[in-house]
Amino acid sequence: MLKPIADSLADTNGSAAQVHTLPYMARVFDNEKTYADSKSDGLTRAKNAIGEIATKCSDTKFTITGYS
């Protein structure tokens, strides 16, 4: 669903653009997890991923794209 957007960013920015898919528990009421659990897990993982990349290259610009 979001592949055309990622492809467009890569086409526009060349090798400088990288797409990172964030793996997290995006399910509600599965394994006794709530929406709040899913949201918290996704937010924590996103902060960690962005922090790691920003530490390596402080000039990095981020575009966050998703769907729900």
Side-chain angles (χ1 to χ4, degrees):
M1 173 188 242
L2 296 175
K3 187 174 181 340
I5 295 169
D7 290 345
S8 176
L9 288 170
D11 290 345
T12 302
N13 296 288
S15 63
Q18 293 183 356
V19 176
H20 177 82
T21 303
L22 185 68
Y24 76 102
M25 180 198 64
R27 294 183 302 269
V28 180
F29 308 117
D30 189 22
N31 297 321
E32 299 181 20
K33 302 294 181 185
T34 65
Y35 174 78
D37 295 331
S38 176
K39 180 179 172 181
S40 176
D41 183 40
L43 184 57
T44 297
R45 289 177 186 244
K47 285 179 179 179
N48 290 341
I50 290 169
E52 287 178 24
I53 295 166
T55 297
K56 292 176 185 174
C57 182
S58 61
D59 292 335
T60 299
K61 295 178 183 172
F62 295 91
T63 299
I64 299 173
T65 306
Y67 64 94
S68 179

Worksheet entry | Non-neighbouring partners of Thr44 that pass side-chain contact (heavy atoms from CB on, under 4.5 Å), sequence neighbours left out | Ser40, Asn48

Worksheet entry | No-hydrogen, no-angle side-chain donor-acceptor test under 3.5 Å, Asp11 and Ser8 | no

Practice prompt. Side-chain contact test, heavy atoms from C-beta onward, threshold under 4.5 Å: evaluate it for Ile5 versus Thr63 and give yes or no.
Written response: no

Fill in: Point-to-point distance, once rounded to the nearest 0.5 Å, from OG1 of Thr12 to CG of Asp7
10.5 Å

Worksheet item: What residues, two or more places apart in sequence or in another chain, satisfy side-chain contact (heavy atoms from CB on, under 4.5 Å) together with Leu43?
Response: Lys47

